[in-house]
Student: 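Handing you a structure now.
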Amino acid sequence: MTLATAFTKMHGLGNDFAVIDLRGGSANGTASAGANGATPLTDISDTQARAIADRRTGVGCDQIILIEKPRQKLADVYMRIRNADGSEVEACGNGARCVAALVMAETGRRHVIIESVVGLLDAEAAPDGRISVDMGEAQLDWREIPLAKPLDTLHLGIELGPLSDPVGVNIGNPHAVFFVPDAGAIDVAALGPVLERHPLFPEKANIEVAQVLSPTRIRMRVWERGVGITRACGTGACATLVAAHRRKLTGRKATIQLDGGDLEIEWLADGHVRMTGPAETSFTGRLDASLLG
Ligand SMILES: N[C@H](CCC[C@H](N)C(=O)O)C(=O)O
């Protein structure tokens with residue numbers, strides 16, 4: 001039996017998470033038994049992730065974020081991400097800001113380093129209380145998106161209904177950004193799941209619908225791989241800015257206006273993408289044992 005596991009419910013602009021700190025296990029990585037012989041959680045399965053994410057019978061969240069001890073000395077923590085469908089994925093920008101906020105509160109430091117499968121993410125507390133994360137270098141080659149065949153990632157040449165000719169960008173995870181005259185007019189719920197699974201995307205893709213409002217502001221709506229429509233997507237906002245600049249629609253810095261609020265994104269000269277936005281804690285709780293089977 002597993003000890004009733006604590007979690008922190010957090011969100012970034014309404015993209016919400018159950019954050020589970022797995023660092024409780026003993027130093028050598030083997031979980032020490034609790035008083036009643038139960039053992040602390042050391043990982044979660046696809047099934048457990050789906051049960052936790054379920055908005056009817058579970059905690060209800062877009063992703064589950066796991067915090068583990070770092071593998072690299074430089075890092076403060078190791079972050080893993082599970083989508084609501086149970087899939088483990090490489091990156092989560094809003095989740096990274098939430099993990100950074102937790103580690104900053106724990107350490108009292110305004111600069112923390114989060115390790116993930118795609119590398120080290122530098123996070124800084126901004127003067128206004130928002131959090132700024134270096135999301136790493138945007139990947140633009142067809143192999144890095146990845147795509148099923150060699151293509152110019154600036155024009156992927158697929159279309160569905162009113163959507164066509166997206167830009168492919170990888171921010172640790174795959175994105176396809178479609179530019180449209182009116183993002184509010186697009187049926188994201190109908191088109192998103194089809195495009196997410198398009199044969200061009202061997203690892204599926206997060207789908208962004210972007211309306212350029214000015215050279216420094218873009219409205220973006222998102223269908224997230226393994227989740228569905230979310231109120232915000234940090235990696236999606238990064239992908240959208242990179243795509244817009246590559247298409248000469250904006251400069252290297254813009255505000256991405258999501259259903260849940262604004263993110264500031266900058267594509268730096270070194271190729272890295274910096275994302276700045278809020279990270280909020282909603283409440284803490286304990287996972288019902290039934291969720292962990
Ligand atoms: N909401 C997350 C993105 C999760 C991406 C996930 N849906 C995937 O499969 O890559 C963010 O703020 O970046």
Side-chain angles (χ1 to χ4, degrees), residues 9-19 46 49-50 52-53 55 60-66 79-101 114 116-119 121 123 130-136 138-139 144-147 166 168-177 188-189 192-193 195-198 201-210 220-243 256-265 267 272-280:
K9 187 74 184 340
M10 302 185 79
H11 72 93
L13 300 177
N15 179 204
D16 63 349
F17 314 107
V19 183
D46 297 12
R50 284 192 292 272
I52 294 165
R55 294 193 186 276
C61 56
D62 294 329
Q63 279 92 16
I64 294 97
I65 306 285
L66 301 178
M79 168 183 170
R80 292 169 61 196
I81 304 127
R82 290 257 185 188
N83 279 324
D85 71 352
S87 57
E88 180 148 16
V89 291
E90 314 87 343
C92 179
N94 289 319
R97 294 199 315 279
C98 290
V99 169
I114 301 168
S116 73
V117 68
V118 292
L121 308 176
R130 293 184 301 167
I131 292 184
S132 192
V133 181
D134 176 343
M135 292 300 292
Q139 305 294 312
E144 296 167 328
I145 304 305
L147 301 179
V169 186
N170 183 288
I171 305 286
N173 55 0
H175 295 266
V177 183
V188 176
L195 291 164
E196 172 191 354
R197 294 168 180 77
H198 190 285
F201 306 122
E203 292 178 17
K204 301 193 287 183
N206 295 282
I207 306 299
E208 286 81 22
V209 172
M220 187 270 274
R221 297 174 63 209
V222 61
W223 174 273
E224 282 198 32
R225 175 181 64 168
V227 183
I229 291 177
T230 63
R231 290 184 54 72
C233 180
T235 50
C238 294
T240 298
L241 182 273
V242 168
I256 309 300
Q257 178 183 315
L258 297 137
D259 291 349
D262 289 355
L263 287 175
E264 305 295 332
I265 310 293
W267 189 15
H272 283 225
V273 187
R274 178 162 287 282
M275 164 197 64
T276 303
E280 316 279 344

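From a predicted model like this one, the values you see are computed outputs, not experimental measurements. Hydrogens, waters and symmetry mates play no part in the numbers below; they use all other heavy atoms, side chains included. Counting starts at 1 for both ligands and their atoms, in listed order.
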Student: Only one of Asn15, Leu263, Thr276 forms a side chain to side chain contact (heavy atoms under 4.5 Å, CB included) with Arg97, so which one is it?
Tutor: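 The passing option is Leu263.
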Student: Thr230 and Glu224: side-chain donor and acceptor closer than 3.5 Å?
Tutor: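 Per modelled atom types, Thr230 and Glu224 side chains form a pair under 3.5 Å.
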Student: Can we say Asp16 and Arg55 salt-bridge, meaning some charged N sits less than 4.0 Å from an Asp/Glu carboxylate O?
Tutor: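 Salt bridge present between Asp16 and Arg55.
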Student: Knowing that exactly one of Glu144, Glu90, Lys204 qualifies, which makes a side chain to side chain contact (heavy atoms under 4.5 Å, CB included) with Pro174?
Tutor: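 Of all the options given, the one that passes is Glu90.
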Student: Does a side chain donor of either Asn83 or Gln63 reach within less than 3.5 Å of an acceptor in the other side chain?
Tutor: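 Present: a donor and an acceptor within the cut-off.
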Student: For ligand 1, which of its N or O atoms have a protein N or O partner closer than 3.5 Å, and how long is each gap?
Tutor:
from     : atom 1 : to     : atom 2 : distance (Å)
ligand 1 : 1 (N)  : Asn15  : OD1    : 2.7
ligand 1 : 1 (N)  : Glu224 : OE1    : 3.2
ligand 1 : 1 (N)  : Glu224 : OE2    : 2.7
ligand 1 : 7 (N)  : Asn83  : OD1    : 3.1
ligand 1 : 7 (N)  : Asn206 : OD1    : 3.1
ligand 1 : 7 (N)  : Glu224 : OE1    : 2.9
ligand 1 : 7 (N)  : Arg225 : O      : 2.9
ligand 1 : 9 (O)  : Asn83  : ND2    : 2.8
ligand 1 : 9 (O)  : Arg225 : O      : 3.3
ligand 1 : 9 (O)  : Arg225 : NE     : 2.7
ligand 1 : 9 (O)  : Arg225 : NH2    : 3.3
ligand 1 : 10 (O) : Asn173 : ND2    : 3.0
ligand 1 : 10 (O) : Asn206 : ND2    : 2.9
ligand 1 : 10 (O) : Arg225 : NH2    : 3.0
ligand 1 : 12 (O) : Asn15  : OD1    : 3.3
ligand 1 : 12 (O) : Gly93  : N      : 3.4
ligand 1 : 12 (O) : Asn94  : N      : 2.9
ligand 1 : 12 (O) : Asn94  : ND2    : 3.1
ligand 1 : 12 (O) : Gly234 : N      : 2.7
ligand 1 : 13 (O) : Gly93  : N      : 2.7
ligand 1 : 13 (O) : Gly234 : N      : 3.4
ligand 1 : 13 (O) : Thr235 : N      : 2.8
ligand 1 : 13 (O) : Thr235 : OG1    : 2.7

Student: Holding to side chain to side chain contact (heavy atoms under 4.5 Å, CB included), I want the full list of residues that pass it with Ala91, two or more places apart in sequence or in another chain.
Tutor: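 Side chain to side chain contact (heavy atoms under 4.5 Å, CB included) check on Ala91 returns Asn173, Thr235.
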